[in-house]
Amino acid sequence: MLRAGRLERLLGGQAGDPGGAQEVGGLLAQLAGDRLGDAETVLDLPQRDRVVGDRLVDSFPDGAFAPAIVVYSNTDGSPLTASQQATISERSKPLGALGVAPQASRPQAVDRTVTSVAVLLPTGSGDSENSKKIDQIRQTASQDLAAPLRAEVTGGPAYRADFAAVFDGADTNLLLATASVVAVLLLITYRSPILWLVPLIVVGAGDRMAGILVGVLAPHAGVEVDASAAGILSVLVFGAGTDYALLLVSRYRDELHLTENRFTAMARAWRGTAPAVVASGTTVVLSLLTLLAAELTGNRGLGFAGAVGIATAMLFGLVVLPAALVLPGRWLFWPLVPKVGEPTLADRRGLWSRIGQFVAKRPAQVAIAGTAILIALASGAATLQTGLAQEDSFRKTPEAVLGQRTLAAVQPAGAADPLTLISNSAQKDDVIEAARAVPGVAKVTPGPSTAQYAQADVILQAAPGIDASDQAIEQLRSTVAEVPSADALVGGATAEAYDTAQANAHDTWVVVPLVLAIVFIVLIARTREDTLAGHDTRRAVLRALASTGGVITSAGILLAAVFAVLGVLPLITLTQIGVIVGLGVLLDTFLVRTVLVPALVLLTGHRFWWPGSPEPTDSRQQP
């Protein structure tokens, strides 16, 4: 995002042009209603400067602005001719008319091969309005250009439009892919031509209801849900809803082996599964709602939509699904219809029963081996490289990226989105000198200043979003903060992205423990239930593993597959999320919940329940 105080950069980013900066300052005064006297220049600031930033933003009636930058160049890389420059100059007039400041849209030669025209747009417009404006700019810029001259539109609004465009039709594709994956896995899990339809239909109805609720409630909650959040909503609802269904159906099937009355069986199954579902769902909902405190609109929308989706999935899983399962009767499970007197999953000598026996014989060895595997896998985190340049976020390269690459070929990689440096006017020279000495800084250009504040643009050598850029921002902030009495601050879109990454890293330490606690409780809840029912801890663990091992495995595979569906979306980040979450779920499913946790419970015995004490019997008793 680029604020009004940075029009110099919009006009071509000519370094060392104080006359041009003063001219821009005068234009700013006109745009802001001659209210620059108080030095209330509108800037992007870090979150720690929220109060100052709000005051500066409020000083301008039109709010913040961002440039759509039209980049003119020849496809063969040759220098622009005089005739082409004349064409660009003539084209800048209708382009300027599409922005809020036609005076700002004069051509600026970046070098002999590239000329740019900036079209200033308000950042407060909606996605559809912004996309429509970018389409108009692109059509106007490219209309009737004679080869090899070409026009590419980049900049913040163009990236925003291209980001929205990749989601055109994506919601439908994502929903169809998710529903198909769930249907296939349910059919394999239940081995019934009928049963799989019930949870699929119920969860599908829950997904549609969640979408409606988000649309109705979001305006009242003061949040905006973008296309990416709406798409992820379906993944969350189908993933959580289907997992809840697997747990309930498995428990219901077990109870049908113990009683002839299906309503009694469902009541028992509901009482056995509801606490775990409510505990898990509520924790996830509350965790997602913490995103409402985020600064980014997309994060707030995702948190709100996800919370509504999980709550809806929980409601449909505990209210609609039980009725849908119990009404048809036992024939719903055909051809594997459960009969009274048949052994339950906990009593059968199946795969998970044998795994339980193996773990029970060697709990210490299993715990050590499982922990060693986790440590070995986690060791890679020490050398983990994070950060994705903005231009690398798309699978199919959009025009905004192509335009940025054209600019990057003749300017430093960070030139497409400079940082904003704000300081007290009296110390501006010292601040600029300090900034220029920071490693990774390619250029510092003085900008408009008033009696109180001074502003400058800082161009980094590295592209936004990668480690080198993040390190340069961190050192720049540290360096300018040491200038006495300068009160220097560093903002801008690249700095905001860095702050967001730092906030996300902090949030990880809050969210991950909650998730791990819920994962831990889901299996131990069943174990404690069996313990309270009169089984010793060892027998309770074996029964819980035998009865829940299969459903946990099925739920884990299904959840991992659902998140893998994010790979159908055209953004690299979402594909990475799908793969990482999917692998994490599989690791948790096949190692942590089903092997490592039971081994730890067996090692600690009834002491595991400290400070509670479920009246244990002799923990050495054999089943």
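Here, residue 1 is the first one in the sequence, and each next residue gets the next number.
- The two residues Gly317 and Leu321 come nearest to each other via the heavy atoms O-CB, 3.7 Å.
- What you find for Met266 and Val326 is that their closest heavy atoms are CB-CG2, 4.0 Å.
- By the salt bridge (Lys or Arg N to Asp or Glu O under 4.0 Å) test, Arg262 is found to be paired with no residue, residues two or more places apart in sequence or in another chain being considered.
- Proximity of a side-chain donor or acceptor of Asp162 to a complementary backbone N or O of Pro398 within less than 3.5 Å is not detected.
- Shown here are the side chain to side chain contact (heavy atoms under 4.5 Å, CB included) partners of Val277, two or more places apart in sequence or in another chain: Tyr244, Leu247, Met314, Leu318.
- With sequence neighbours left out, Tyr252 forms a ring-ring contact (aromatic ring centres under 6.0 Å, His included) with Phe333.
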For residues 197-218, which side-chain donor-acceptor pairs fall under 3.5 Å, sequence neighbours excluded?
| unit_1 | atom_1 | unit_2 | atom_2 | d |
| --- | --- | --- | --- | --- |
| Asp207 | OD1 | Ser234 | OG | 3.1 |
| Asp207 | OD2 | Ser234 | OG | 3.4 |

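- Judged as a side chain to side chain contact (heavy atoms under 4.5 Å, CB included), and not counting sequence neighbours, the contacts of Pro328 are Trp331, Leu332.
- Counting only heavy atoms from C-beta outward, the side chains of Arg271 and Arg251 never approach each other to under 4.5 Å.
- No donor-acceptor pair under 3.5 Å is formed between the side chain of His257 and the backbone N or O of Val340.
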Identify all side-chain donor-acceptor contacts of residues 179-188 below 3.5 Å with residues at least two apart in sequence or on another chain.
| unit_1 | atom_1 | unit_2 | atom_2 | d |
| --- | --- | --- | --- | --- |
| Ser180 | OG | Leu176 | O | 2.7 |

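- Here the closest non-hydrogen pair linking Leu233 and Gly309 is CD1-CA, 3.6 Å.
- The minimum heavy-atom distance between Gly582 and Ala560, with the atom names listed, is O-CB, 3.5 Å.
- The shortest distance between side-chain heavy atoms of Thr264 and Glu255 does not fall below 4.5 Å.
- Taken from CD1 in Ile373 to CG in Leu596, the straight-line distance is 9.5 Å, to the nearest 0.5 Å.
- Using a 4.0 Å cut-off between a side-chain N of Lys or Arg and a carboxylate O of Asp or Glu, Glu129 and Lys133 do not qualify as a salt bridge.
- Listed for the Ser250 side chain is no donor-acceptor partner under 3.5 Å among the backbone atoms of Leu246.
- Among all heavy-atom pairs drawn from Pro335 and Pro193, the shortest one is CD-CD, 4.0 Å.
- For the pair Arg253/Tyr190, a side-chain contact is recorded, criterion being any heavy-atom separation below 4.5 Å from C-beta on.
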